[in-house]
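I have placed the structure first, in the form of structure tokens, so that the comments after it can refer back to it.
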Amino acid sequence: MTPDVATGSLVLVSTPIGNLGDLSPRAIDALGHADVVCCEDTRRTRGLLTHAGLKGVRLMSLHDHNEMARVDAVLAHLAEGRTVAVVSDAGTPAVSDPGARLVAAAVAAGITVTTVPGPSAALAALVVSGLPTDRFCFEGFLPRKGGDRRRRIEAVAGDARTVILFEAPGRLAATLSELLAVCGPDRGVVVARELTKLHEEVWRGTLVDATRTFSEREVRGEIVVVLAGDPAAGRAPDDDEVGHALRGHLADGDTLRDAAAAVARELGVSRRRAYDMALELRRNEKP
């Protein structure tokens, strides 16, 4: 359904990731004035509203399994001039939580979409990690298995930026082990657990130490993994690296031209540079 005139507004409201004291006055005001509050778990959200002193707020469930089915109903409310607030169980909605598809539909329908910013587990873990924050990416939850998981881990390992991941307690040790196998032992990593809660923990170290530490203990709670970027990503290979690669191809019987083309593809250098170095290697070969 697409309303002819969009008079309502959709408000994305961030809620605490653990400490209820992080619910902002503006968030309380937005939830109190909303005609409908869409939420993942009505019981959990009702508890949050009660904590905030709000009663009689109309709730509508909106979770991973029914979001698409709810879109038309929410758009109908908005078309009638109502204000609809959206919350997740914790943090900022639509970030590894329901809401993104609803927002896209509302934007396409010309409806005003606003936000009450606030808690975010991803950003909280990033800023306390001690890792670079000038360039980072958010990967959310990795695929659980198969080729998609392998490809994502390889992409994460080769990214020059700081990478933020969500992980479940039961899969943390396996994920750290797989990252160790691809990234190497010395890559920096931070495991942030139960942020803003009573048993908050921010563990900092290398992947080899993290794998050892978290394979030997039971882990509970919400977990964010912050991985240091690949220090070699984006760095131009030096002559020694190009020469080593060329020698390998030439030793396998490649022609100068084929060896240069292969190394250019593998290392991201120009074919001219690779070919000129291959010529130099051939000239320096002993008779």
Check for me, please, whether Val225 and Leu180 land in the same ILVMFWY cluster - side-chain distances under 4.5 Å, paths through other members count. yes

For Ala124 and Ile17, the nearest pair of non-hydrogen atoms, with its separation, is CB-CD1, 4.4 Å

Quick test of your reading: applying side-chain hydrogen bond (donor to acceptor under 3.5 Å, both in side chains), list the pairs with at least one residue in residues 126-144, sequence neighbours left out, ordered by first then second residue. Glu139-Arg152

Kindly say whether Ser14 contributes a backbone atom to a donor-acceptor pair with the side chain of Thr92 at under 3.5 angstrom? no

Pair listing, ring pair (Phe, Tyr, Trp, His ring centres under 6.0 Å) test, anchored in residues 173-203, at least two apart: Trp203-Phe214

Between Thr206 and Asp186, what is the shortest heavy-atom contact and its length? CG2-O, 3.9 Å

Step by step, work out the side chain to side chain contact (heavy atoms under 4.5 Å, CB included) result for Arg187 and Leu179. CA-CA 9 Å; Arg187 183 78 66 91; Leu179 288 170; over 6 Å; no

Below 3.5 Å, can you tabulate the donor-acceptor pairs from side chains in residues 29-37 to any protein atom, sequence neighbours excluded?
| unit_1 | atom_1 | unit_2 | atom_2 | d |
| --- | --- | --- | --- | --- |
| Asp29 | OD1 | His33 | ND1 | 3.2 |
| His33 | ND1 | Asp29 | O | 2.9 |
| Asp35 | OD2 | Thr83 | N | 2.8 |

Side chain of Ser215, backbone of Arg212: donor and acceptor closer than 3.5 Å? yes

Using side-chain hydrogen bond (donor to acceptor under 3.5 Å, both in side chains) as the criterion, list what pairs up with Arg265, not counting sequence neighbours. none

Listed partners of Arg272 passing side-chain hydrogen bond (donor to acceptor under 3.5 Å, both in side chains), at least two apart: Asp276

If you take all heavy atoms of Ala274 and Ala260, which pair is closest and at what distance? CB-O, 3.5 Å

What's the verdict on side chain to side chain contact (heavy atoms under 4.5 Å, CB included) for Leu165 and Val163, showing C-alpha distance, side-chain angles and the deciding distance? CA-CA 7 Å; Leu165 303 167; Val163 180; 4.1 Å; yes

Would Arg282 and Glu280 pass as an ion pair if we require N to O under 4.0 Å? no

Is a donor on one side and an acceptor on the other found under 3.5 Å between the side chain of Glu201 and the backbone of Glu194? no

To the closest 0.5 Å, what do you measure between OG1 (Thr162) and CD1 (Ile164)? 8.0 Å

List the residues meeting side-chain hydrogen bond (donor to acceptor under 3.5 Å, both in side chains) with Glu241, not counting sequence neighbours, and say none if there are none. Arg235

Within residues 161-183 or reaching into it, pairs that qualify as salt bridge (charged side-chain N to carboxylate O under 4.0 Å, His left out) - sequence neighbours excluded: Arg149-Glu178, Asp159-Arg161, Glu167-Arg171

Between Ala100 and Glu67, which heavy-atom pair has the shortest distance, and what is it? N-OE2, 3.5 Å

Testing the basics here: between Ala157 and Val182, what is the closest heavy-atom pair and its distance to 0.1 Å? CB-CG1, 3.3 Å

Do Leu131 and Leu227 sit in one hydrophobic cluster, given that two such residues count as connected whenever their side-chain heavy atoms are within less than 4.5 Å of each other, even indirectly? no

Applying side-chain hydrogen bond (donor to acceptor under 3.5 Å, both in side chains), can you list everything that pairs with Arg151, at least two apart in sequence or on another chain? Asp148

To the nearest 0.5 Å, how far apart are CG in Asp97 and CG in Asp64? 7.5 Å

I'd like to know if the side chain of Asp41 reaches the main chain of Arg43, judged simply by a donor and an acceptor atom lying under 3.5 Å from each other, with no hydrogens or angles considered. yes

When the side chains of residues 48-61 are checked against the rest of the protein, which donor-acceptor pairs come out under 3.5 Å, sequence neighbours left out?
| unit_1 | atom_1 | unit_2 | atom_2 | d |
| --- | --- | --- | --- | --- |
| Thr50 | OG1 | Arg46 | O | 2.9 |
| Ser61 | OG | Asn66 | ND2 | 3.3 |
| Ser61 | OG | Arg70 | NH2 | 2.9 |

One pair to check against side chain to side chain contact (heavy atoms under 4.5 Å, CB included): Leu10 and Val86. What are the steps and the verdict? CA-CA 7 Å; Leu10 185 70; Val86 180; 3.6 Å; yes

Tell me yes or no: between the side chains of Thr112 and Ser9, is some donor less than 3.5 Å from an acceptor? no

Pairs flagged by ring pair (Phe, Tyr, Trp, His ring centres under 6.0 Å) wherever residues 139-176 is involved - sequence neighbours left out: Phe138-Phe166, Phe141-Phe166

What is the minimum heavy-atom distance between Gly99 and Ala94, and which atoms define it? C-CB, 3.9 Å

Would you list the pairs meeting ring pair (Phe, Tyr, Trp, His ring centres under 6.0 Å) in which at least one residue belongs to residues 235-280, sequence neighbours left out? none

Where do Leu256 and Leu246 land on the side chain to side chain contact (heavy atoms under 4.5 Å, CB included) test, with the steps shown first? CA-CA 9 Å; Leu256 292 179; Leu246 286 168; over 6 Å; no

Residue pairs involving residues 7-19 (criterion salt bridge (charged side-chain N to carboxylate O under 4.0 Å, His left out); sequence neighbours excluded): none

Flag yes if more than 12 heavy atoms outside Arg271 fall under 6.0 Å of its CZ atom; otherwise flag no. no

